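Below is one structure, written out as structure tokens; comments come after it.
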Protein chains: 2
Amino acid sequence: MIEISQARFDTPADLLQQCRDSLDRSFAKKGSGFPELPAREALWTEAEKIGRELRQHYEHLVVIGTGGSSLGGQVIAAQRPGSRLRFLENVDALAVSRVMHGLEAKRTAFVMISKSGGTIETLAGIDYLREFLARQGVDLKRQSHALTESPDNSLGRWAQQNKVPLTIIPRDVGGRYSVLSPVGMIPAAFDGADVKSFRAGAAWALEQKDLVANLMAQSVLSFERQEWITYFWIYDSLARVLGCWIQQLWGESLGKKTGFDGQPARRASTPMAGLGTVDQHSMLQQLADNVVRDKLIVFVRSKAAEGGHQPLEQPEFTECDSLRGHSIGELLKAEAVATEEALHRQSVSTLTLTVDSFDDRNLGAFFMTLQLWVGALGEHLGLDPYDQPGVELGKILTKEYLKKR
Amino acid sequence: MIEISQARFDTPADLLQQCRDSLDRSFAKKGSGFPELPAREALWTEAEKIGRELRQHYEHLVVIGTGGSSLGGQVIAAQRPGSRLRFLENVDALAVSRVMHGLEAKRTAFVMISKSGGTIETLAGIDYLREFLARQGVDLKRQSHALTESPDNSLGRWAQQNKVPLTIIPRDVGGRYSVLSPVGMIPAAFDGADVKSFRAGAAWALEQKDLVANLMAQSVLSFERQEWITYFWIYDSLARVLGCWIQQLWGESLGKKTGFDGQPARRASTPMAGLGTVDQHSMLQQLADNVVRDKLIVFVRSKAAEGGHQPLEQPEFTECDSLRGHSIGELLKAEAVATEEALHRQSVSTLTLTVDSFDDRNLGAFFMTLQLWVGALGEHLGLDPYDQPGVELGKILTKEYLKKR
């Protein structure tokens, strides 16, 4: 379902073995419950049931959450034309009215997600949305479902006090590793996705230790070459949101000041993402001609996006003559191949992953593969890929500012 | 409308003067026609007329174009809840059916934009979409309008042969500097935007030479500090698409191998972008704790996004107590201020821009300010900010691959 279809750098056997060992070790670490998710039957059954039941009663679903509580669901929504999912994430002045724009409030379900149960943006989103809907005579609480890791935190208590159904999400799965839990699967089921396929894809990925070790090794080699940006160039319309999901996973997991040993952590790259042929007309110039070779370009190609069943019969532009009898995906493929080759010839480091598609099963596999890659790479670099100590100061200062004001 | 509301680094007077000089010089350069756009009356009148007339006959508008022919329009669409604009940009197998999903083909107008008239993705998009619509009995050509720089290129000739109305766009304005021309303004007018306001905002920006010189100087200082990533952190829901627009402008203009003098160009940063409180739960960890201080974080705050008229009356979460009587925008503001302060305390370089809002007038001002900043910074660095030589090899290899196949 996922393979490294082209690697421009060989991975030494001893490095591969070290990566395998790190991968094995990472499974045993605290906070790394995500690889066990495919085996946790009850979570999948419950998520599917809740999502489908909500869909029976409502036309649309608004997910109130941020970061790991939202980005995975957004990828799933982007994968589905005509998706019925919306997301309240940023807390700007128009956010609430924007998210409800064009929706019938009475026919809209609300799923609020906060792992800790205390995420201020999410709680504020609930409070403001509740009052917004009340002014229209709609009771948010009667159309809601809450997800958090404990009944004894703010969101958990609020849900119980207000008879909002509550799903407890696994404490040992970090927010950015949680898309394959009810966090992502309730919205997916609502949207008509096949939750079982996500699960099967994730289970497949757990078996691909060679693939994951290879990806880890390519990253290690890239960091040794001083490539401090890893650019995921996704040749599929999913790219923008999938890129945001990858950025959170990679950046928050690997950007650490201190390692396990208390010493300054080993440096990891900053993650970026680009979209297919669009970024050939945007970022390519910078990637190709930047005076310092500071990036690894990870091409992510999809056979489905490069396919398609509708050939061009009668091109009217001479530029399109060579596409006669071929689907538009052939052009995408040609451009992906040519762009990788062009960058390689210009001494830019590349790596190419190919996925069969981004359907439910393959997306499940992709999510899990990336999580394993990042989690085990953190282990390999000697840092904790499951915490985020660097964001605390901002939270403290926010509270101080709000009180002082 | 736009100001530097906080700068953590002083700009020496001599550097500022050099930047002023570079800005003045850049106005005179070939290919830099974009500052003259606000003065070109006829372009604005025509764009407004065409956009409004199309809207009289059609419910939706699909823009077929890529890079600079598309990203600016996408920002304008993102600014408007319930926008009637859609964009065909990436050429994957589902692109055509996705863009038409849920639209009534007969009630949809099509605007095709290619500055050179030979952009293969755009021409292919037209060819595939034309056959897609023909299978539904709809004639693309009768519902279309074309934009290109000359009647004598592929798109120009096709338009004339097929009686598709044609607007000639200025040859001296590069694609990534063209949003304030009919390229962005026809879609804007269709969508009900006030084209005159965009123009007034752009004209305002032309007068702000001190602002632009200051922005340039901050960039120069940042590069001297070896900060090779410039991260635009936009506290407004517009961030994702506006970030893509900025990335193209900055990356394609400043990422050059060779300078005017034929020597290796001076290095410029890689542009990235983040979204308000969302990226506090994603990229912040990496920005704060990365072991090397390799970024300048440019906060972009919007007074409108931090405003709002609906105060929270009765918070149900104790975490939201301090928001009682305040709009949700107050939280956004508190978080922006606190996040900047937290990064500053952690020795991460920052700069804060504040805009009044991202309404039509302010967005016009923002577009022009950024274009002046980037164009003049290229001049200052001694490179051509209006070409993109690094993308040619990929185009050549694409053609070869398609022919060979």
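Each chain gets a letter, A, B and so on, in the order its sequence line appears, and its residues count up from 1. On a predicted model such as this, the values are computed, not experimentally measured, just so you know.
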Report which part of Leu123(A) has an atom under 4.5 Å of a heavy atom belonging to chain B: side chain, backbone, both, or neither. both
If one checks every heavy atom of Ser327(B) against chain A at 4.5 Å, the contacting part turns out to be backbone
Check whether Leu287(B) gets within reach of chain A through its side chain, its backbone, both or neither, counting any heavy atom under 4.5 Å. neither
At a 4.5 Å cut-off on heavy atoms, which part of Thr122(B) comes close to chain A: side chain, backbone, both, or neither? neither
Any carboxylate oxygen within less than 4.0 angstrom of a Lys/Arg side-chain nitrogen, looking at Asp279(B) and Arg240(B)? yes
Nearest heavy-atom pair of Asn90(A) and Tyr235(B): which atoms, and what distance? ND2-C, 4.4 Å
Heavy-atom distances under 4.5 Å only: say whether Arg176(B) touches chain A with side chain, backbone, both or neither. neither
Under 4.5 Å from any heavy atom of chain A, what part of Pro311(B) do you find: side chain, backbone, both or neither? backbone
Side chain, backbone, both or neither: which part of Arg135(A) has an atom under 4.5 Å from a heavy atom of chain B? side chain
Between Thr277(A) and chain B, which part of the residue has a heavy atom less than 4.5 Å away: side chain, backbone, both or neither? both
Under a 4.5 Å heavy-atom cutoff, which of Gly308(A), Gly274(A), Cys244(A) has the most pairs with chain B? Cys244(A)
Against chain A, label Ser69(B) side chain, backbone, both or neither, depending on which of its atoms sit under 4.5 Å from a heavy atom there. neither
Contact part of Ala288(B) toward chain A, heavy-atom cut-off under 4.5 Å: side chain, backbone, both or neither? side chain
Quick one: what part of His309(B) sits under 4.5 Å from any heavy atom of chain A, side chain, backbone, both or neither? neither
Chain B heavy atoms under 4.5 Å from Ile229(A): which part of the residue, side chain, backbone, both or neither? side chain
Are Arg301(B) and Asp92(A) close enough for a salt bridge, meaning some N to O gap below 4.0 Å? no
For the residue pair Leu383(A) and Thr258(A), establish whether any side-chain heavy-atom pair is separated by less than 4.5 Å. no
Less than 4.5 Å to any heavy atom of chain A: does that hold for the side chain of Lys399(B), its backbone, both, or neither? neither
Side chains of Val391(A) and His281(B): does their closest heavy-atom pair fall under 4.5 Å? no
Within a strict 4.5 Å, meaning less than it, do heavy atoms of the Tyr401(B) and Glu330(A) side chains meet? no
Count the heavy-atom pairs under 4.5 Å between each of Gln388(B), Lys333(B), Glu392(B) and chain A, then report the option with the highest count. Gln388(B)
Salt bridge check: are Glu316(B) and Lys141(A) linked by an N-O gap of less than 4.0 Å? yes
Under 4.5 Å to a heavy atom of chain A? For Glu131(B) that would be side chain
So that I can tick it off, tell me whether Arg324(B) and Glu313(B) are bridged by a salt bridge, with the cut-off set at under 4.0 angstrom between side-chain N and carboxylate O. no
Which atoms of Arg130(B) approach chain A - backbone, side chain, both or neither, heavy atom under 4.5 Å: side chain
Heavy-atom distance under 4.5 Å to chain B: side chain of Thr119(A), backbone, both or neither? side chain
So do the side chains of Gln310(A) and Val96(B) get within less than 4.5 Å of each other, counting heavy atoms only? no
Which portion of Ser357(A) sits near chain B, non-hydrogen atoms under 4.5 angstrom: neither
With chain A, which of Gly276(B), Gly394(B), Ser237(B) has the greatest number of heavy-atom pairs at distances under 4.5 Å? Ser237(B)
Is Gln314(B) close to chain A through its backbone or its side chain, or both, or neither, when contacts mean heavy atoms under 4.5 Å? both
Which atoms of Ile328(B) come close to chain A, meaning under 4.5 Å heavy atom to heavy atom: side chain ones, backbone ones, both, or neither? both
Relative to chain B, which segment of Asp321(A) carries a heavy atom at a distance below 4.5 Å: side chain, backbone, both, or neither? neither
Test side chain to side chain contact (heavy atoms under 4.5 Å, CB included) on Cys320(B) and Leu312(B); report intermediate values, then the result. CA-CA 9 Å; Cys320(B) 301; Leu312(B) 187 62; 4.2 Å; yes
Side chain, backbone, both or neither of Ala336(A) within contact of chain B (heavy atoms, under 4.5 Å): neither
Toward chain B, the part of Arg98(A) with a non-hydrogen atom under 4.5 Å: side chain
Can you tell me which of Leu397(B), Asp127(B), Thr398(B), Leu332(B) forms the most heavy-atom pairs within a distance under 4.5 Å of chain A? Asp127(B)
Please state whether the side chain, the backbone, both or neither of Ala239(A) comes within less than 4.5 Å of a heavy atom of chain B. neither
For Ile126(A), which atoms come within 4.5 Å of any heavy atom of chain B: side chain, backbone, both, or neither? side chain
